[in-house]
Protein chains: 4
Amino acid sequence: MTDSTSARVRAASAKRRRLTAAAAEVVHRQGAERTTIADIARAADVPVGNVYYYFKTKDELVAAALDEHARHLGELTERLERLPDPRDRLKGLVEAWVGQRDVAARYGCPTGTLAAELDKRDEGGLDAEAGKVIRLLLDWVEQQFRELGLPEPDGLALTLVGAYQGMSLLANALRDPGIMTREGARLLAWIDSLEA
Amino acid sequence: MTDSTSARVRAASAKRRRLTAAAAEVVHRQGAERTTIADIARAADVPVGNVYYYFKTKDELVAAALDEHARHLGELTERLERLPDPRDRLKGLVEAWVGQRDVAARYGCPTGTLAAELDKRDEGGLDAEAGKVIRLLLDWVEQQFRELGLPEPDGLALTLVGAYQGMSLLANALRDPGIMTREGARLLAWIDSLEA
Amino acid sequence: MTDSTSARVRAASAKRRRLTAAAAEVVHRQGAERTTIADIARAADVPVGNVYYYFKTKDELVAAALDEHARHLGELTERLERLPDPRDRLKGLVEAWVGQRDVAARYGCPTGTLAAELDKRDEGGLDAEAGKVIRLLLDWVEQQFRELGLPEPDGLALTLVGAYQGMSLLANALRDPGIMTREGARLLAWIDSLEA
Amino acid sequence: MTDSTSARVRAASAKRRRLTAAAAEVVHRQGAERTTIADIARAADVPVGNVYYYFKTKDELVAAALDEHARHLGELTERLERLPDPRDRLKGLVEAWVGQRDVAARYGCPTGTLAAELDKRDEGGLDAEAGKVIRLLLDWVEQQFRELGLPEPDGLALTLVGAYQGMSLLANALRDPGIMTREGARLLAWIDSLEA
DNA sequence: GATGAATGAGCTTTCATTCAT
DNA sequence: GATGAATGAAAGCTCATTCAT
């Protein structure tokens, strides 16, 4: 493989990455249904006709957007795992959520709103994909609760992640980032209050 | 003549009501964006062209669907208010949510998912409408907490309604009605545990 | 025929007259194509469904609008014929045109613009109708020139009416009523300058 | 590659030009309102959906038709300007009008009828566009009168162009090309008669 | 006759996807 | 691989006309 070939491959991958990132962002802002391929192509600065070399259908692009959100989640949990105390990790998670309050108040939780939208579909199997990303988050949270030795770590995970989805939705529907702050504080106190 | 006239009027209103009900249901199942006027017309057994006699635009139909959900909510709270104890009212509300667990697991909370979808829009003002319906619920819940003499009833309302939205979203994303049951039980216990 | 019957007939005719007048005005302002039956019905304060008792088709309404303009023209020429001198009649005609300068600058000559619009059609025969109304005007003008003993009265009529149509169109296209005033003055001088 | 590229570009532009020419012609014949996008697409031999690649809305196509007429006018005046005597230029203009007598008798002056139609609109700003094209003609005519050293060249221009619009409308309404010939002859004599 | 409601054909526009080079 | 252009299947909406009472 010559230099120019690998350069080409690298450039191609760069385009794919740009399209993925653009899809994640634009779909978060506009929703999957209202987002056109042209929207994403424009945001990624890729010619429309070229998109189809990287993604065979629009659904694949939406799936890529989901993957991108999963990747972001992975980066976040990886960072949090450097903290020795699982309790601190969970609190760090909540703080990360609150840190995104303005985006949440404007567009909701990227994964949650996308899951809600995709669940309205019957075909394509994309609905299941969205569930998987949320499951990733649930599993990680559950693991932290388990390491804390708390009973029913799965139930606690549902409660915490559910609270996050709920407060994001309310903040979004009421356009009020303050809801994220307030509920975030409550969740931090709640985490602190849990005892084995 | 009077009879047939009022029959006509009744029939006409009946059609409008049929369209509203159909819109509420189909939009809940498919989402506003994926729902076509023809879908709603078919569900209401009304010719497509005739829909526009009752609703000037698709957005008006979506707004009618929202109103319908607000009406349902009104009926529910009215029924609950017959209970003398505000605590019982709130518990009745949670039980109603759990009673809808299968629908929630399949399509999410009607108002919540619609709010999330409409909030992706910039124009039309429908996004604000969805927020208002959620506000109705929040206000009613807050009022119950206030009557119980609890501090920060608005914060408690956010927590309860947020939990509902969150558990609906998770149940929907994971297609698991059990989540509604489990979290519902937790909320009932939480309500019981609150003291002035 | 009882009183109530004739009252009904009178009322019905009144409706027909109202519809005709409304058609003439609304069509002049919006053009035949952009005018809906509902527009005319609203302007005439007649229920839409009722229009069809007086006019079987939209084209009949447009034809009625044309007749209305012909009637207006008839009233004008009748008034002018009270003047003993044909030259004064022609000058009175020009003055009437100039008197309508604001309407002309906004919507053009009612008959001329309607004729231009209807002439784009192949079917229905309405195009010929519009020509007839213009012919009425031409004939009357020609008759005045003839009474003045001028040669080629038909050619003079074409020149005068053509000038009117042209200045109306320019005034309309440039939205400048001053054109009506200026060209009107020129036509008055021209009429005065003609000698047998 | 360069050849085929430029061929592609040329072909693409050719399509746009074909659409523009078709729009100019079909709109002249049928009027803007009665002309459908499908009509123009068919005349240009372009699939309907593809039209929107070149023109975002129907109004843009109508504007293109107007531009086309302005272009035709520009070509004509450019040709006339090769004549040294402004008087000959004006007479050449009148002769060009008379040369179009059959088209005028069938469909009227392209710019005049379009202006009359578009002036019935309130929105879109297309009405002003039509006025601009007529202004171009007025300005050119005025310039010729000015070069002849005649007083009030702007008024003379209004008279000449107004006469053209008027005779076109009458020829059209009465379906008589002879009107163009007759009035054309009169205008030629009039131009000859003017002295500084 | 009178009237609100019904009907369906037709129009503009959008957009995912495919094609030709 | 890259790209502008092409394609056609919807979708929302309008409106002349007809219907039922």
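The chains referred to below are lettered A, B, ... by the order of the sequence lines, with proteins before strands, and numbering in each begins at 1.
- The side-chain contact (heavy atoms from CB on, under 4.5 Å) search around Glu129(A) returns Leu66(A), Leu126(A), Lys132(A), not counting sequence neighbours.
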Fill in the blank from the handout: Read 5' to 3' with Watson-Crick or G-U pairs under 3.5 Å, [ ] for crossing pairs and | for partners on another strand, DNA chain E gives .||||||||||||||||||||

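- Qualifying side-chain contact (heavy atoms from CB on, under 4.5 Å) partners for Ala128(B), counting only residues two or more places apart in sequence or in other chains: none.
- Listed by chain and residue number, Arg106(C) satisfy the salt bridge (Lys or Arg N to Asp or Glu O under 4.0 Å) test with Asp122(D) (two or more places apart in sequence, or in another chain).
- Within a heavy-atom distance below 4.0 Å of DNA chain E, the residues of residues 55-65 of chain A found are Thr57(A), Lys58(A).
- For residues 110-129 of chain D, no residue pair satisfies the ring pair (Phe, Tyr, Trp, His ring centres under 6.0 Å) rule, not counting sequence neighbours.
- Contacts of Asp127(D) classified as side chain to side chain donor-acceptor pair (under 3.5 Å), with partners at least two apart in sequence or in another chain: none.
- Looking at residues 33-50 of chain A, you'll see Pro47(A), Gly49(A), Asn50(A) sit with a heavy atom under 4.0 Å from some atom of DNA chain F.
- Applying the salt bridge (Lys or Arg N to Asp or Glu O under 4.0 Å) criterion to Asp39(A), with sequence neighbours excluded, gives Arg42(A).
- The side-chain contact (heavy atoms from CB on, under 4.5 Å) test applied to Ala116(C) returns Thr113(D), not counting sequence neighbours.
- Residue Lys15(A) places at least one side-chain N or O closer than 4.0 Å to OP1 or OP2 of dT3(F).
- Among pairs with a residue in residues 17-52 of chain A, those fulfilling ring pair (Phe, Tyr, Trp, His ring centres under 6.0 Å) read His28(A)-Tyr107(A), at least two apart in sequence or across chains.
- Residue Tyr52(C) places at least one side-chain N or O under 4.0 Å from the OP1 or OP2 atom of dT17(F).
- Under the rule for a salt bridge (Lys or Arg N to Asp or Glu O under 4.0 Å), the partners of Arg29(C) that lie at least two apart in sequence or sit in another chain are Glu25(C).
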